[in-house]
Amino acid sequence: MPISRTKTSFYRRLLLAHFIDNGINTVPKIMDEIEIPRRTAQDSIVSLKDLDIVCSFKGALKDGEYIIESWGGISKSWVSDNVDNMKRQLGY
């Protein structure tokens, strides 16, 4: 049974926050990790703020990286514990 678009978007955002927090913190690295289009990765990173996850960009455009400053109300440990399940449900 396919998951809803809402859950897909939510899980994708959580995965990207997890990746960024664990060193997969540039758009090219994210694209390599889960094979998503550049625009999808960029849009998902920007939309982290909708979940109250504070993500900032540090450095120059060509060699900078994203940093998670705050997970807001999201349990970072829950996300870490459920990465494989989210990847499986998203088909990554």
Would Arg13 and Asp50 count as a side-chain contact (heavy atoms from CB on, under 4.5 Å) if you check the C-alpha gap in whole Å, the side-chain angles of each, and the deciding distance to 0.1 Å?
CA-CA 10 Å; Arg13 293 175 193 182; Asp50 295 338; 3.6 Å; yes
Would Ser77 and Ser75 count as having a side-chain donor-acceptor pair, cut-off 3.5 Å?
yes
Is there a donor in the side chain of Glu69 and an acceptor in the side chain of Ser56, or the other way round, less than 3.5 Å apart?
yes
To check you understand the geometry: which heavy-atom pair defines the closest contact between [X] and [Y], and what is its length?
X: Gly72; Y: Ser70; result: N-OG, 3.1 Å
X: Ala41; Y: Val27; result: CB-CG1, 4.1 Å
X: Ile68; Y: Ala17; result: CG1-O, 3.6 Å

Same cluster for [X] and [Y] if Ile/Leu/Val/Met/Phe/Trp/Tyr side chains link at under 4.5 Å?
X: Phe57; Y: Ile30; answer: yes
X: Ile20; Y: Leu61; answer: yes
X: Ile53; Y: Ile67; answer: no
X: Ile3; Y: Ile34; answer: yes

side-chain contact (heavy atoms from CB on, under 4.5 Å) with Met86: which of Tyr92, Tyr11, Phe10?
Tyr11
Below 4.0 angstrom, N of the basic side chain to O of the carboxylate: do Asp43 and Arg39 qualify?
yes
When you measure from the side chain of [X] to the backbone of [Y], do you find a donor-acceptor pair of N or O atoms at a distance under 3.5 Å?
X: Asn22; Y: His18; result: yes
X: Thr40; Y: Ile36; result: no
X: Ser4; Y: Lys7; result: yes

Where do Trp71 and Leu51 land on the side-chain contact (heavy atoms from CB on, under 4.5 Å) test, with the steps shown first?
CA-CA 8 Å; Trp71 281 83; Leu51 301 178; over 6 Å; no
Point-to-point distance, once rounded to the nearest 0.5 Å, from [atom1] of [X] to [atom2] of [Y]:
X: Ile24; Y: Glu65; atom1: CD1; atom2: CD; value: 12.5 Å
X: Arg12; Y: Gln89; atom1: CZ; atom2: CD; value: 13.0 Å
X: Asn85; Y: Asp81; atom1: CG; atom2: CG; value: 11.0 Å

Contact check, side chains of [X] and [Y], non-hydrogen atoms, under 4.5 Å:
X: Pro28; Y: Arg38; answer: yes
X: Gln42; Y: Met31; answer: no
X: Lys49; Y: Val54; answer: no
X: Lys29; Y: Tyr66; answer: no

Go through the steps for Cys55 and Ile45 under the test side-chain contact (heavy atoms from CB on, under 4.5 Å), then give the verdict.
CA-CA 8 Å; Cys55 180; Ile45 291 168; 4.0 Å; yes
Could you walk me through whether Thr26 and Asp63 pass the side-chain contact (heavy atoms from CB on, under 4.5 Å) test, one step at a time?
CA-CA 9 Å; Thr26 65; Asp63 64 354; over 6 Å; no
